[in-house]
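Take a look at the structure set out below.
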Amino acid sequence: MSSDKSAEKYLNLKTKAKEKMESLNEKTVVMVGAATCGKAAGVIDTREALKDEIEKKGIDAQVVEVGCMGFCYAEPIVVISKPGFPSLCYGSVDEGLAVRLVEDYLVNDDPCFEYALVALEPNDYFPVFTDFPRGVYEKKIILEQCGFIDPEDIDHYLAEDGYEALAKTFEIQPEEVIESIKESKLRGRGGAGFPAGIKWDVCSKAQDDSKYVICNADEGDPGAFMDRSILESNPHQVIEGLIISAYAVGASKGYIYVRSEYPQAVRRVETALEQAREKGLLGDSILETDFSFDIEIFEGSGAFVCGEETALINSMEGIMGVPEHRPPFPASYGFRGKPTLINNVKTLSYVPHIIRKGVEWFKSIGTSDSPGTAVFALVGKVEYTGLVEVPMGTSLRNLIYDVGGGVPDEKDFKAVQIGGPSGGCLPESALDIPIDFDSLHEAGAIMGSGGLVVLNEDDCMVEIARYFLDFTQKESCGKCTFCRLGTKHMLDMLGEITRGEGELNHLDTLRELGEDIKKGSLCGLGKTAPNPVLTTLRYFKDEYEAHIKEKRCPALMCMHLLGFYIIPERCSKFCSACVGSCPTEAIYTRDDQLKAIDQEKCVKCNSCLFACPPEFYAVEKLSPAELVEEREREQG
Amino acid sequence: MSDKVTITIDDCKITAPEGEKLLWVALDNDIYIPNLCALKEKDRPSASCRLCFVEVKGISDPVTACTLPVTEGLVVKTRSPEVDRLVKTAFELLITDHRLGCKKCPANNSCELQKISKERGLKYKSKRFKPFEKDEPIDESMEQFIFDRSRCVLCGRCVWVDHHVAEVGAIGFSLRGIKRKVTTFGDYDLADSPCTECGECVKVCPVGALSFNE
């Protein structure tokens with residue numbers, strides 16, 4: 001390798017990028033968070049309003065689309081960097097606020113602090129990230145630049161030391177790269193936590209004339225969006241990681257397997273690949289070395305099971321996306337029968353950082369067995385939803401209460417569902433568990449790919465287990481007996497329990513069958529599918545028993561076990577808001593002009609509950625449903 | 001593969017070619033291990049029926065015999081409480097999705113499910129799981145044989161021989177999860193597919209799903 005030449009070539013690229021960025025920063029830059037999540041929250045209108053107003057006022061400012069900063073709860077988000085002021089981040093910026101920010105801040109130098117969320121650099125006026133609990137607990141590595149650089153301009157990434165790790169990689173032998181990854185103890189972030197270095201080593205030692213590397217971006221868990229966000233916000237980080245992995249194992253062709261349901265991620269990765277090729281960072285003789293490598297995008301069709309690596313390979317080969325028995329592992333026998341290294345988006349994202357900042361730096365973060373950080377899509381009943389990155393070993397309590405701001409609306413915390421549909425539900429008593437691969441596994445959950453759903457007192461744990469199992473059962477490929485038939489039987493039993501038709505012996509059967517499915521299934525989907533059921537049975541057995549013995553849903557969520565009742569003492573003669581809201585005309589006016597519900601006609605749709613004005617708050621949910629009759633009898 | 005190794009199955013010492021899959025070594029030596037989906041000619045076992053579990057010394061959880069290459073000194077037990085539990089559950093699950101009525105079934109007395117039931121003392125009625133309703137019309141469009149999906153256990157043997165022995169490609173798997181089934185392209189009757197009625201698929205069907213007309 002002519003490493004001197006490649007270092008020089010890289011330095012050249014970086015210097016030019018830095019110069020470009022410096023001239024850009026001399027002017028006011030307005031960054032709008034335009035990942036899919038931001039767009040769904042209406043950032044396109046905000047962007048247009050900003051542009052129009054800036055043009056109208058004749059200001060010399062540039063509006064740049066960036067990715068996701070991770071503050072889902074505050075979308076749409078805008079960051080304004082005006083020379084002479086600290087860069088400020090604003091949340092919930094609608095068109096009106098956009099116009100006002102231009103008028104007051106860009107024209108008149110008033111930064112509208114009342115709308116600002118956080119400042120990006122220390123200053124005398126406004127708090128920065130680390131002044132908030134979230135900023136104290138978060139440690140951003142792979143999300144650091146997400147939302148702060150333009151994903152469609154490679155110079156933004158280059159100016160932030162992007163591709164420096166690649167240039168550095170060319171100065172050492174492939175074996176040394178693998179040794180670094182091994183030493184760093186980086187574990188695969190796709191879910192199972194397998195040591196990445198060992199995988200790389202196996203693939204590198206496999207003797208073959210051609211090898212492949214694949215980035216697995218087939219993210220499919222309900223409520224998880226880490227991979228999408230990284231691809232949309234900082235695609236070059238993943239591409240750089242993939243190129244380094246290819247150099248390490250000796251592959252000449254790479255693929256990014258991404259769902260076609262992520263059109264913006266696909267588009268941004270395409271743009272990024274093109275720009276990397278233009279700069280000589282991808283393609284023939286990368287950075288003028290004798291290493292050639294190119295990447296193609298493969299769009300998956302959205303089957304959850306295709307995240308499993310053998311199923312992923314099958315689908316790429318054009319056959320049905322069903323898993324195969326392992327071994328042989330893809331690292332020795334994979335795509336088209338060739339050694340194939342498959343890594344998750346997040347795993348690859350860490351690679352440039354490890355190479356650039358060193359193994360010791362990486363190991364100093366997190367725990368000794370799970371170094372680095374964990375990225376979570378923090379969703380559900382939590383104040384500050386979003387994408388968070390915390391060091392491994394952070395407790396669930398810190399994550400939910402300090403980073404996430406706790407459970408809103410003064411409700412009680414009930415459980416946290418961690419690891420996606422194949423993960424487990426952990427109760428309050430498990431909140432001090434440190435987040436790392438092994439501790440979570442012990443508690444019955446998994447790290448998974450990073451979905452984290454917080455549940456409160458209004459969530460029925462039986463229904464939650466049923467919901468997640470319904471997902472995995474539908475996504476089961478049907479190849480193996482346990483997963484195809486076992487999950488269906490479990491789902492049927494859970495359905496019966498939530499309808500009040502369950503029997504007590506169902507609980508033992510569910511547990512036994514769940515354990516057997518975990519042991520007997522062919523692939524990771526089946527091996528983890530029963531987790532939501534097994535953990536809720538372990539931690540919330542009383543709720544199952546209430547459904548079965550008393551036909552009662554303690555969280556008042558299972559419709560079949562509910563009755564709706566209008567409390568006469570609270571109901572008003574002069575209001576009939578509920579009557580109009582009822583789709584089945586179940587609500588009638590009694591002789592005394594108060595309202596009541598005909599239980600025969602009621603379909604338990606919740607409409608009356610929402611329609612009843614807060615000053616009356618007269619509609620009540622009761623479980624078991626027979627309680628309604630009892631109340632009516634008491635009333636006479 | 002020419003090197004011979006000595007392994008122990010249920011306390012019997014057996015010599016076998018190194019690398020051969022344990023299932024075939026056991027069956028060749030008259031040691032029965034339940035199986036439905038395995039085909040000796042197939043390089044990569046589909047390992048989908050999940051019935052051939054055995055206990056291997058040194059490995060904590062039961063492993064599938066169809067995927068395990070034999071190595072020198074391998075010690076195997078075909079029965080153990082854990083193995084029996086998995087096999088029982090897998091069998092029970094398959095039975096809930098299989099139309100019973102053996103007397104009327106063309107595979108009566110030659111059925112692999114019957115064999116497993118007899119060998120392992122497993123009942124046809126599950127106490128734990130309710131049988132699924134199987135309401136699949138029988139494909140009687142062919143002269144030589146019929147295809148009764150309600151008895152199909154989705155082992156995939158027919159699909160493999162259709163593709164690799166007969167090399168016709170008339171049938172394959174479609175849909176997923178509980179809806180997975182063996183069918184023709186476009187889900188037409190076999191008569192409207194490229195099927196040549198060679199009968200290879202019927203010969204490998206372990207149950208009464210594919211059967212020759214009398």
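All chains are named by letter (A, B, ...) in the order of the sequence lines, taking the proteins before the strands, and each is independently numbered beginning at 1.
If you check the side chains of B:E112 and B:N35, you find no donor sitting under 3.5 Å from an acceptor. Side chains of A:S315 and A:E317: a donor-acceptor N/O pair is absent below 3.5 angstrom, by distance only. Side chains of A:Y262 and A:E299: a donor-acceptor N/O pair is absent below 3.5 angstrom, by distance only. Judged by distance alone, the side chains of A:T528 and A:N531 never bring a donor and an acceptor atom under 3.5 Å apart. In the model, B:S174 has no side-chain atom that pairs as donor or acceptor with a side-chain atom of B:R180 under 3.5 Å. No hydrogens or angles considered: nothing links the side chains of B:R120 and B:Y32 as a donor-acceptor pair under 3.5 Å.
Of residues 319-329 of chain A, those residues with a non-hydrogen atom less than 4.5 Å from any non-hydrogen atom of chain B are, in numerical order, A:M320, A:V322, A:E324, A:H325, A:P328. Using non-hydrogen atoms only and a strict 4.5 Å limit, the part of residues 149-166 of chain B facing chain A consists of B:V153, B:L154.
For B:S46, the parts lying under 4.5 angstrom from a heavy atom of chain A are both the backbone and the side chain. Of the atoms belonging to B:L36, not a single heavy atom falls under 4.5 Å from chain A. Contact annotation for B:K181: neither backbone nor side-chain heavy atoms come within less than 4.5 Å of a heavy atom of chain A. Within the 4.5 angstrom heavy-atom criterion, only side-chain atoms of B:F132, from C-beta onward, approach chain A. Of the atoms belonging to B:E92, not a single heavy atom falls under 4.5 Å from chain A. Residue contact with chain B, scored on non-hydrogen atoms closer than 4.5 Å, involves the backbone of A:S521 exclusively.
The cationic atom of A:R187 (NZ for Lys, CZ for Arg) does not lie both less than 6.0 Å from the six-membered ring centre of A:F194 and within 45° of the ring axis.
For B:R176, the salt bridge (Lys or Arg N to Asp or Glu O under 4.0 Å) test picks out A:E475, with sequence neighbours left out.
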Table please: side-chain donor-acceptor pairs of residues 68-77 of chain B below 3.5 Å, with sequence neighbours left out.
from, atom 1, to, atom 2, distance (Å)
B:E72, OE1, B:T6, N, 3.1

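The main-chain N or O of A:I548 is never found under 3.5 Å from a side-chain atom of A:E503 such that the two would form a donor-acceptor pair.
Here A:Y544 and A:H506 keep their ring centres 6.0 angstrom or further from each other. You'll find the ring centres of A:F298 and A:Y257 inside the 6.0 Å limit.
In terms of heavy-atom pairs under 4.5 Å with chain B, the best-connected choice from A:D508, A:D492, A:D516 is A:D516.
A:E515 has a carboxylate O that lies under 4.0 Å from a charged side-chain N of A:R511, or vice versa, which qualifies the two as a salt bridge.
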